[in-house]
Amino acid sequence: MTLLSIQSLNVNYGYIQALRDVALHLDAGETVAAVGANGAGKSTLLRAVIGAVTPVAGVISFAGKDIGTLSAPQRVAEGIAMVPEGRQVFVSLTVEENLLVGMSARRDRDNHREDIDRIYERFPNLAERRHFEARVLSGGEQQMLAIGRALMARPRLLLLDEPSLGLSPAYVNRVYALLEDLQRQGMSMLLVEQNVTLALKLSNRAYVLELGRVALSGKSSDLMQSQRLREAYLGRET
Ligand code: ATP
């Protein structure tokens with residue numbers, strides 16, 4: 001079943017065209033990656049899906065419904081949650097308060113204790129620090145918290161903007177192990193990454209964005225072998 005379908009998406013910031021005629025689809029249970037250089041339009045793609053920018057043209061459908069006119073909170077209520085770039089946890093709120101914020105746009109708020117406990121089981125570090133302000137967490141722990149907060153919305157689709165950015169290699173591995181876990185449990189994910197190797201390893205399919213256009217797309221395992229992609233990105237990674 002197609003969960004997310006994007007057609008002819010165009011987004012401008014003033015005179016800058018950030019996305020040009022982008023088409024993308026994601027089936028339920030799939031992990032799809034959008035990769036590309038700085039400024040290629042990856043974050044803009046996620047912002048358009050969650051409703052944080054207004055496209056000048058294009059159609060975005062979620063579970064068969066055109067969501068183009070819905071506000072961001074309405075899209076969260078439909079089942080889309082975003083883990084923003086740079087994590088953006090609320091540093092002066094406690095870990096637990098941050099998780100509760102993630103639930104605010106959810107229609108059904110029963111059983112939230114159960115959801116919080118499930119997240120603590122997944123992230124024992126957060127459980128230990130549940131009553132601490134989020135500012136005391138390490139970058140990796142904040143990333144875990146941002147993912148936990150998004151999961152509190154009980155999403156059907158998780159949008160992840162550069163989850164590896166700025167993390168130590170050990171934490172990158174932990175975050176990706178967690179995403180693999182979610183994938184195994186059937187979560188659908190649209191992942192934006194500058195780290196092409198990581199993104200292609202995790203995802204089933206990927207889209208390569210260049211200057212706001214889809215330059216290449218296909219199965220991640222095929223793209224991993226693509227000469228063009230290797231020349232453009234894989235040599236330059238840290
Ligand atoms: P990065 O990895 O650096 O975040 P990206 O692929 O996510 O890059 P976007 O952030 O989507 O790219 O940016 C796409 C284009 O839109 C870039 O040219 C960028 O400078 C521009 N842009 C992004 N946000 C804004 C904004 N709020 N106002 C004006 N221009 C913007």
Side-chain angles (χ1 to χ4, degrees), residues 4-26 31-60 62 67-68 71-73 75-76 80-89 139-140 142-143 146-147 150 157-169 171-172 175-176 179 189-203 205-218 220 223-224 226 228-238:
L4 178 72
S5 157
I6 297 176
Q7 288 149 34
S8 314
L9 184 66
N10 285 271
V11 176
N12 297 348
Y13 297 106
Y15 60 86
I16 297 172
Q17 260 191 299
L19 292 178
R20 302 159 195 241
D21 287 329
V22 168
L24 176 154
H25 72 276
L26 183 152
T31 300
V32 169
V35 299
N38 266 320
K42 307 181 298 296
S43 300
T44 302
L45 175 67
L46 297 189
R47 281 188 220 129
V49 174
I50 199 69
V53 292
T54 308
V56 286
V59 180
I60 303 178
F62 180 68
I67 56 169
S71 67
R75 294 183 201 205
V76 178
I80 306 175
M82 173 135 153
V83 180
E85 183 173 344
R87 312 180 268 280
Q88 298 181 25
V89 297
Q142 287 191 4
Q143 186 61 265
I147 296 171
L157 172 65
L158 199 55
L159 309 177
L160 294 139
D161 196 350
E162 306 259 7
S164 74
L165 195 71
L167 301 189
S168 65
Y171 257 113
V172 169
V175 166
Y176 268 77
L179 298 181
M189 295 187 271
L190 179 56
L191 168 72
V192 154
E193 262 292 354
Q194 268 188 55
N195 187 326
V196 179
T197 309
L198 268 178
L200 291 183
K201 265 191 201 150
L202 182 76
S203 57
R205 287 186 305 109
Y207 293 78
V208 181
L209 291 177
E210 278 175 19
L211 297 174
R213 284 186 198 283
V214 176
L216 209 58
S217 67
S220 302
L223 288 174
M224 195 92 87
S226 146
R228 181 166 166 210
L229 191 76
R230 296 177 83 87
E231 280 167 7
Y233 302 104
L234 297 181
R236 283 205 261 121
E237 259 166 38
T238 49

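First listed ligand is number 1; within each ligand, the first listed atom is number 1.
Those atoms of ligand 1 that come under 4.0 Å of a heavy atom in E85, given as number and element, are 4 (O). Close contacts of ligand 1 with A37, meaning ligand atoms under 4.0 Å from a residue heavy atom, involve 6 (O). Residue A40 has at least one heavy-atom neighbour below 4.0 Å for each of these atoms of ligand 1: 5 (P), 6 (O), 12 (O). Under a 4.0 Å criterion applied to the non-hydrogen atoms of T44, ligand 1 contributes the atoms 9 (P), 11 (O), 13 (O), 14 (C). For ligand 1, the atoms sitting less than 4.0 Å from at least one non-hydrogen atom of E162 are 2 (O), numbered in the order shown with element in parentheses. The R47 neighbourhood of ligand 1 comprises atoms 24 (N), with distances under 4.0 Å to a heavy atom of that residue.
In this structure, atom 10 (O) of ligand 1 lies nearest to the protein heavy atom S43 CB, 3.8 Å. For atom 31 (C) of ligand 1, the nearest protein heavy atom (residue, atom name, distance) is Y13 CD1, 3.2 Å. Of the protein's non-hydrogen atoms, the one nearest atom 17 (C) of ligand 1 is G39 O, 3.7 Å.
For the pair Y207 and L190, the minimum side-chain heavy-atom distance is 4.5 Å or more.
Within 4.0 Å of atom 19 (C) of ligand 1, not a single protein heavy atom is present. Within a 4.0 Å radius of atom 8 (O) of ligand 1, the protein has at least one heavy atom.
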Inset, instruction - With side chain to side chain contact (heavy atoms under 4.5 Å, CB included) as the test, would you mind laying out the steps for S203 and V32 before giving the verdict? - result: CA-CA 5 Å; S203 57; V32 169; 5.9 Å; no
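Distances from ligand 1 to the non-hydrogen atoms of G36 include no value under 4.0 Å. Taking a 4.0 Å cut-off on heavy atoms, G14 fails to register as neighbouring ligand 1.
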